[in-house]
*Asks:* 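Got a structure here, written out as structure tokens. Questions coming.
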Amino acid sequence: MCCESKRRFLLLYATQKGQAKAIAEEIWQQAGAHGLEADMHCLSEMDKYNLEKEKDPVVIVISTTGTGDPPDTARKFVKKIQDKTLPPDHFAHLQYGLLGLGDSEYMFFCNGGRTVDRRLQELGAQHFYDTGLADDCVGLELVVDPWIDGLWLALKEALQLQKEKEGMKNAVNAVSSSLSTAQQAVHELKLSSEVQNLKLEDEGARNSDILSQKLDDINLVAPSRDTEPSLVHSVPPVSQSALNIPTLPPEYIEVEFQDTQGENPHLSSLISEGTTFEVPVTKAVQLTREDAIKTALLLELDIADTAFEYQPGDAFCVICPNNVREVEKLLHILGLSEKGDVFVSVKVKQGTKKKGASRPQHIPERSTLKFILTWCLEIRAIPKKAFLRALVECTSDVGEKRRLQELCSRQGASDYTRFIRDSNVCLLDLLHAFPSCKPSLSLLIEHLPKLQARSYSVSSSNLYQPGRLCFVFNVVEFPASPSRPVSQKGVCTGWLAELVAPLLHPSKNSQDAKGESSSTEKISIFPRPNNAFHLPADPSVPFIMVGPGTGIAPFIGFLQHRQKLREQHTDWEFGETWLFFGCRHQDRDYLFKQLQRFLENGTLTHLKVCFSRDSSTAEVAPPKYVQDVLRLCAKEVARVLLKERGYFYVCGDKKHMADGVSDAVVDILSMEMEADKLEAMKILAMLREAKRYLQDVWS
Ligand code: FAD
């Protein structure tokens with residue numbers, strides 16, 4: 001992917017789930033139209049580029065994973081630049097622009113990008129373009145699209161300055177006239193994740209198809225009485241605007257149906273993270289009562305005959321399929337119902353205009369059509385604008401075509417956010433809403449992302465239950481909505497719930513002689529070790545666990561482990577243990593009533609519980625949430641953290657709980673130390689840094 005052109009720039013990306021790579025490919029793709037050539041590499045391919053000697057501008061696209069970590073593919077690079085012996089002018093020769101991707105629902109928003117950015121600055125590198133921080137929570141494209149638009153002028157300016165430095169002033173007159181505007185555009189583009197700062201209705205005609213269809217020309221927009229827009233209806237001004245729509249992405253995949261039979265690939269070939277293990281589900285328990293708002297299940301897996309190893313606090317991944325009925329529906333709509341079991345070969349289209357096109361790694365070269373739709377593609381993914389743009393070409397009805405154009409256009413940006421992104425519209429919803437849209441299978445392969453395995457925290461101890469692994473999850477449920485008349489369950493939790501239903505409601509036939517139900521169902525899992533969320537190495541150190549709802553999962557593993565250690569090492573000294581648990585109702589969703597047993601045998605020193613929806617007749621209302629209970633225990637929390645150098649673990653819902661808990665801890669530290677809030681925040685940051693305040697949170 002290298003080029004010797006004078007107008008070359010180096011394009012580096014580090015991706016976890018493929019988004020940063022896809023954006024880098026988009027930049028690479030667009031570069032040609034701007035007379036530039038991107039020399040693109042993954043940050044991990046350190047033998048293919050050399051920042052120490054790089055003279056051309058560098059563009060970096062980097063995502064964030066875990067709790068603010070750079071993606072795995074950037075780890076080596078980050079370690080290298082964090083070498084403390086590097087001099088402050090190590091990268092003084094380097095000009096770069098950086099686009100960070102993140103999710104503001106997580107504590108360390110865009111920390112992967114921020115870390116690299118900060119360190120490059122410390123080592124003397126210069127920005128030729130303002131850093132962009134895109135937020136997946138509101139839509140990456142809100143920052144990514146304008147950032148890429150502004151990049152070209154900034155790059156040209158950077159290249160010109162570089163040439164001037166090299167004494168070749170005469171060679172670059174062609175771009176000089178645009179430089180003053182470029183500079184201004186670059187500085188005006190103070191990108192942040194705040195949607196309100198973005199003005200997407202700019203002139204922006206560059207590199208876009210311009211459409212000036214008028215309402216009068218088409219027949220499927222809102223009937224005159226409809227003043228409200230919807231997924232399929234638009235209203236002025238969008239319905240009457242000329243539209244700036246993205247360039248049509250080049251096709252690059254070719255699918256061929258084959259007559260031959262064979263076997264589908266093993267699921268392990270779909271993941272790049274290491275070995276997978278196919279293990280039987282030996283037990284399923286519903287932890288919540290039928291009338292609880294959410295259904296929580298505990299599953300037990302038999303890992304005895306495998307080399308799967310874990311420590312309490314680790315998470316692991318479950319490889320899950322798409323919903324069978326949704327796959328059938330999709331096959332039906334695509335007109336391929338008869339061909340589900342036919343083998344297809346997936347290849348790169350000969351002569352494709354997509355640069356560096358390759359078969360996506362998550363698509364086997366040869367498998368049945370059903371296998372691809374069931375195990376490989378996230379068919380529930382929210383369609384990106386580039387996908388909508390491609391769907392326009394497969395839509396015959398002129399009105400439907402126009403609406404799809406609107407939804408991927410600049411002018412329709414807020415309709416896209418409202419009717420697609422915020423409504424969690426997926427491909428099937430679109431195909432129902434736009435019935436004349438008949439995409440090809442190859443288009444789906446080009447645009448649908450990889451079906452990701454889902455992570456779960458281990459809720460057992462290998463000491464306490466050798467050969468067993470337990471985990472706990474809520475069955476995710478999405479209610480019906482205007483764009484989807486039926487409710488849905490989460491991809492993985494919905495599938496698991498169906499899979500283990502016979503274990504939960506056993507029929508006489510599935511019970512053995514002792515009346516226990518047995519199962520032959522197996523699931524494929526692989527490890528996702530957590531480097532830090534483990535019990536303190538020194539058992540005499542006290543620790544506090546905060547885990548409302550299913551957040552309690554890893555702490556059951558901690559407590560089981562601790563109980564066994566206490567039984568096996570009666571001469572060891574064990575520190576005090578605190579557990580803060582909360583749920584809605586004491587009698588409906590108190591997941592582990594056996595916590596009491598840990599309390600009785602001394603494994604757990606303090607158990608604090610709260611119930612947010614139970615009514616109380618007490619004069620002083622009891623605390624509702626774990627953070628309220630923490631505040632009531634302020635003195636003890638401060639003692640454990642500050643005097644006894646204890647550990648603090650938080651697990652569970654990131655949206656509503658984790659921030660509330662850290663706010664409570666800041667208040668506690670500030671109150672107990674008689675310090676101001678800023679000082680308390682610094683102490684909390686130090687605790688995080690020392691890995692004594694640890695979080696394992698998810699949405
Ligand atoms: P999905 O189908 O993936 O849906 C999940 C999300 O997609 C929703 O929350 C929502 O944001 C969005 N969504 C999709 N469709 C719609 C729609 N129609 N309407 C609205 N929103 C929609 N979970 C546990 O229960 N227990 C655990 O121990 C646990 N541990 C975890 C550990 C780690 C390290 C991580 C990263 C996550 C953990 N999770 C845990 C979360 C878990 O991985 C899954 O995200 C969760 O179970 C949902 O998966 P799903 O496939 O059923 O749902």
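Throughout, residue positions are numbered sequentially from 1 according to the sequence presented. First listed ligand is number 1; within each ligand, the first listed atom is number 1.
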*Asks:* Looking at Lys438, I'd like to know if its NZ atom is crowded, meaning that more than 12 non-hydrogen atoms belonging to other residues, nucleotides or ligands lie closer than 6.0 Å.
*Replies:* yes

*Asks:* Has Phe471 got any heavy atom lying under 4.0 angstrom from an atom of ligand 1?
*Replies:* no

*Asks:* Which residue supplies the protein heavy atom nearest to atom 45 (O) of ligand 1, what is that atom called, and how far is it?
*Replies:* Ser699 O, 4.6 Å

*Asks:* Mind telling me whether Phe316 and Tyr456 have parallel, tilted or perpendicular rings, with 30° and 60° as the class edges?
*Replies:* tilted

*Asks:* Under 4.0 Å, counting heavy atoms only: does Asp696 come that close to any atom of ligand 1?
*Replies:* yes

*Asks:* Taking non-hydrogen atoms only, is Phe478 closer than 4.0 angstrom to ligand 1 via side chain, backbone, both or neither?
*Replies:* side chain

*Asks:* Please check if a non-hydrogen protein atom sits closer than 4.0 Å to atom 19 (N) of ligand 1.
*Replies:* yes

*Asks:* Would Gly494 count as being in polar contact with ligand 1, using the rule that some N or O on each side must be under 3.5 angstrom apart?
*Replies:* no

*Asks:* Relative to the ring of Tyr590, is the ring of Phe581 parallel (under 30°), tilted (30 to 60°) or perpendicular (over 60°)?
*Replies:* parallel

*Asks:* Say whether Thr493, considering both its backbone and side-chain N or O atoms, lies within less than 3.5 Å of an N or O atom on ligand 1.
*Replies:* yes

*Asks:* Tell me if the aromatic rings of Tyr649 and Tyr693 count as close, with their centers under 6.0 Å from one another.
*Replies:* no

*Asks:* Closer than 4.0 Å to some heavy atom of Phe473 - which atoms of ligand 1 meet that?
*Replies:* 24 (C), 25 (O), 26 (N)

*Asks:* I'd like the name of whichever of Cys317, Ala296, Ser455 reaches closest to atom 42 (C) of ligand 1 through any heavy atom.
*Replies:* Ser455

*Asks:* Ring centres of Phe543 and Tyr647 under 6.0 Å apart?
*Replies:* no

*Asks:* Return the option from Asp422, Asn323, Val476 holding the heavy atom at the smallest distance from atom 48 (C) of ligand 1.
*Replies:* Val476

*Asks:* With respect to Phe471, which candidate in Ile525, Leu301, Leu297, Val458 satisfies the side chain to side chain contact (heavy atoms under 4.5 Å, CB included) definition?
*Replies:* Leu301

*Asks:* Are any of the protein's heavy atoms under 4.0 angstrom from atom 11 (O) of ligand 1, yes or no?
*Replies:* no

*Asks:* Tell me whether Lys489 reaches ligand 1 (any heavy atom closer than 4.0 angstrom to a ligand atom).
*Replies:* no

